[in-house]
Amino acid sequence: MTTQKDSRLAFLDVPGEMARLMREKDWADTPLGPVQGWSSALRSAVSICLGSRFPMVLYWGEARALIYNDAWSPVPGRKHPWALGRPAAEVWAEIWDIIGPMFDHVMSTGEATWSEDQLLPLNRYGYVEECYFYYSYSPVRGENGDVEGIFTAVTETTLRVLSERRERLLREVSEQTSQARTAQEACTAAVNALTTMPEEAPVCLAYLREGPSGYRLVASAGVAAGSDLAPVQVDGSGAAAPWPLQTMLSTARATPMGGLAPRYPDSLPRAPWPEPIEEAAIVPIQSARAGEPHGFLVFGISARRRYDAAYGTLLERAAAHVSTAINNAEVYEAERRRAEQLAELDRAKTVFFSNASHEFRTPLTLMLGPLEDMLARDPDASGDLRVPREDIELVGRNGQRLLRLVNTLLDFSRIEAGSVRANVEPVDLSACTIELARSFEMAMERAGLTFRVVCEPLSRPVMVDRQMWEKIVLNLLSNAFKYTLSGHIEVRLTERVGAVLLQVEDSGVGIPPEELPRVFDRFHRIEGQVGRTHEGTGIGLALVKDLAALHDATVDVQSQVGVGSVFTVTLPFGTAPAGDGARAEPALSSTAIGAETFVAEALRWLPDAGTETPVVDLTPEPETEREQGQGERILLADDNSDMRGYVARLLQASGYRVQAVEDGIQAVQAALDDPPELILSDVMMPNLDGFGVIQALRADARTAELPIILLSARAGRRRRSRASKPGRTIISSSRSARASCWRASKARCGWPDCAAKPRCAWAGTTKPSRRPSRNARGSGTGCGR
Ligand code: ADP
């Protein structure tokens, strides 16, 4: 209290703790001396300081003795109130190297300083602490103008600096762990991110659950893996663990533990601060399963901070990011496994389709061939069995239909396996489309439909795969026929800029709007759709779409129930493939079925089909003289005895001499012993396949020039390309063997445009004895050169 006796102490007579302490202090024992002797500058400065609610401190005189207000009193921690009146060098011994020169500068120059978020590692609670301040040292001049002291307005910014830094750190943890695809990756990413700020986590260990009750160290930083503090394996009881594992497992929170420095004097890092770490905290990585964390994280607490609620929150949030990343990784892994299983299933399905189609095709070939021969031999009945001709034709038609389905499945499996490419060639698309459409003329007439084919001449040929185009047109036409009970069907081909539009329009039952997006989906059929038949598999339009896509073409449909539908294929003119490839690879030829099968099927949908003999003639044409052999010797290699016998019989009946062998090795041996005029070989055979036969024979001068036909139900593009390299090697389907042999042996080509005439051997792929010109163009088969 000031007294009446000494009014010079009146400036201390203000409220507050510091004013009281100043009044009670014996200043004679301090470098500032008794209050009565203080300069007016000091008194004024003290008065401002004590009267302010902003944290302020004065460093006065040579000793920079401290005088501070209530707001500043927490700053020195436990040094308050001891610090009052003491020299700054004594109070701030631990940071004197930082602030001493700043004081000197202000005292000697009279210039103020300015420091923003300055790190001042104070020792105010018995340990060196990482703290940050925002302050300015301002000179206080006396009456004569000399700098007598320093006035400091100061704010501690430690909490803000730490909070911002921790947010950045958590962002880093979140970003890095979000990329993780496994739990291990999530932990490694988290530890890597956390070690970017060793001030927060000088030690970081990540353990993952292993087995029912154990944990394994999967990532570590700050201490060596396998050291006392970082055992590689920990059992679930935590008995041997250096941390309170059981406590941690019973809570979702961070659990601190102290006293590390004396227990692990050698394991603890001395970075980023020179002092050893005193504390650690352990925090579970929660999983969706209660009481079964994915694992846990161990953090070393900074040597210059003490574990508190904010620290705990930081660690829990970091662990939460790891937990999220692991949960996501588990979902991702489950999805990946599911996708892999689906892909595996898909592969298996494709292989199955491919194999099954192949297996179906061989017996079908063996059934349909003799059937056609039977019909050709006996025009009225079927010989001794006295089976009506209609029945045999029925078998034939249904066999053809089955073959079409099998071929379509094979097309799908090939397209899915990516082994199909449109084998484009310049085609007069108008003529080609007219020819295909006309094959339906008679069916349309019988159905009482008005049928128009309007294909305008195009300015130039279009690059298409003939067989694929055939399938596109025939599928669309057959659908139009199936779903149009009266009215008209129109096929239009028009030219647009850079593209050709094929439109198949009908006045049929139409498609409900909600079904339109799905009609091109595989196996999708519209429930209860009225049509000439309920037959169908839902694969026709899907195939059309896939085949169009192979030409960079699109397929659309516009339809109105009760009015009709228009299917539009927009096909670019396309460019010829580079090099000689335009006609080199007759892809998918073996699945071509021809218009007859579509039309025969369509005719069966007409009401009178059951009572009348179909008009479409499935009977093979009679053998013409030009397709008869004249005793030429053919070496036939096939491991399937049925097929071997069938083809041999066909050829012998056609005037050839046949030597049949069972595999490639026998074929090569027989050919070298006594070169035949022609070799007809299966592609897939045990011991040595058809390509091996070609290779062996081409390598020997005696057989290098021998014509070879590879006979395969699987004559895909890849195999063709391999076979087509040597001269006069062609691939034919089994059913065209006879025609192929005839042509090969005559060294004549049935394809009018073939540049390789007369050395090319032409291979048709439909019925053995049909005229080549029709099939060659209509079915898209061609020479194998
Ligand atoms: P499907 O073998 O059933 O004919 P598609 O894939 O060819 O298989 O056709 C799928 C479905 O689209 C058919 O089941 C039919 O309901 C419908 N659809 C196709 N073309 C037409 C059309 N021209 N008019 C009406 N509906 C059609």
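Each ligand, and each atom within it, is numbered from 1 in the order the structure gives. The model shown is predicted, which means the values in this text are computed figures rather than measured ones.
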* To do: Determine whether the side chain, the backbone, both or neither of Arg525 has a heavy atom under 4.0 Å from any heavy atom of ligand 1.
  => both
* Asked: Is there a donor-acceptor pair closer than 3.5 Å between any side-chain N or O of Thr533 and the backbone N or O of Trp605?
  -> no
* Under 4.0 Å to a heavy atom of His524 - the qualifying atoms of ligand 1, by number -> 10 (C), 11 (C)
* Structure fact -> min-distance protein heavy atom vs atom 2 (O) of ligand 1 -> Thr537 N, 3.0 Å
* **Top protein contact for atom 6 (O) of ligand 1, by heavy-atom distance** => Leu541 N, 2.8 Å
* **Nearest-neighbour protein heavy atom for atom 7 (O) of ligand 1, which is reported as residue plus atom name and distance** => Asn479 ND2, 2.8 Å
* Asked: Below 4.0 Å from any atom of ligand 1, is there a heavy atom belonging to Phe520?
  -> no
* Note the single closest protein heavy atom to atom 26 (N) of ligand 1, along with its residue, its atom name and the distance in Å. => Gln529 NE2, 2.9 Å
* Asked: Is a salt bridge present between Arg604 and Glu601, judged by a nitrogen-to-oxygen distance below 4.0 Å?
  -> no
* **Quiz item: cation-pi between Arg532 and Tyr483, 6.0 Å / 45°** => no
* To do: Inspect the contact between Glu335 and Arg338 and indicate whether a charged nitrogen and a carboxylate oxygen are less than 4.0 angstrom apart.
  => no
* To do: Tell me which protein heavy atom sits closest to atom 18 (N) of ligand 1, plus the residue, atom name and distance to 0.1 Å.
  => Tyr483 CE1, 3.8 Å
* Close N or O approach (Gly540, ligand 1; < 3.5 Å) -> yes
* What do we get for Ile539 next to ligand 1 when only non-hydrogen atoms under 4.0 Å count, side chain, backbone, both or neither? -> backbone
* **Atoms in ligand 1 with a heavy atom of Ile526 nearer than 4.0 Å** => 14 (O), 16 (O), 17 (C)
* **Lys/Arg N to Asp/Glu carboxylate O, Arg336 vs Glu333, below 4.0 Å** => yes
* atom 4 (O) of ligand 1 - nearest protein heavy atom and its distance -> Lys482 NZ, 3.1 Å
* Compare all side-chain heavy atoms of Gln529 with those of Ile511 and state whether any distance is below 4.5 angstrom. => yes
* To do: May I ask whether Gly508 places a heavy atom under 4.0 Å from ligand 1?
  => no
* To do: Let me see the working for Leu516 and Val557 under side chain to side chain contact (heavy atoms under 4.5 Å, CB included), right down to the final yes or no.
  => CA-CA 7 Å; Leu516 285 174; Val557 58; 3.8 Å; yes
* Asked: Any chance the side chains of Thr494 and Glu456 put a donor and an acceptor closer than 3.5 Å?
  -> no
* So, are Arg492 and Glu490 salt-bridged, with charged N and O less than 4.0 Å apart? -> yes
* **For atom 23 (N) of ligand 1, the protein heavy atom that lies nearest, with its residue and separation** => Asp506 OD2, 3.0 Å
* Between Arg421 and Asp465, is the closest basic N to carboxylate O distance under 4.0 Å? -> no
* Structure fact -> Among non-hydrogen protein atoms, atom 1 (P) of ligand 1 lies closest to Gly538 N, 3.5 Å
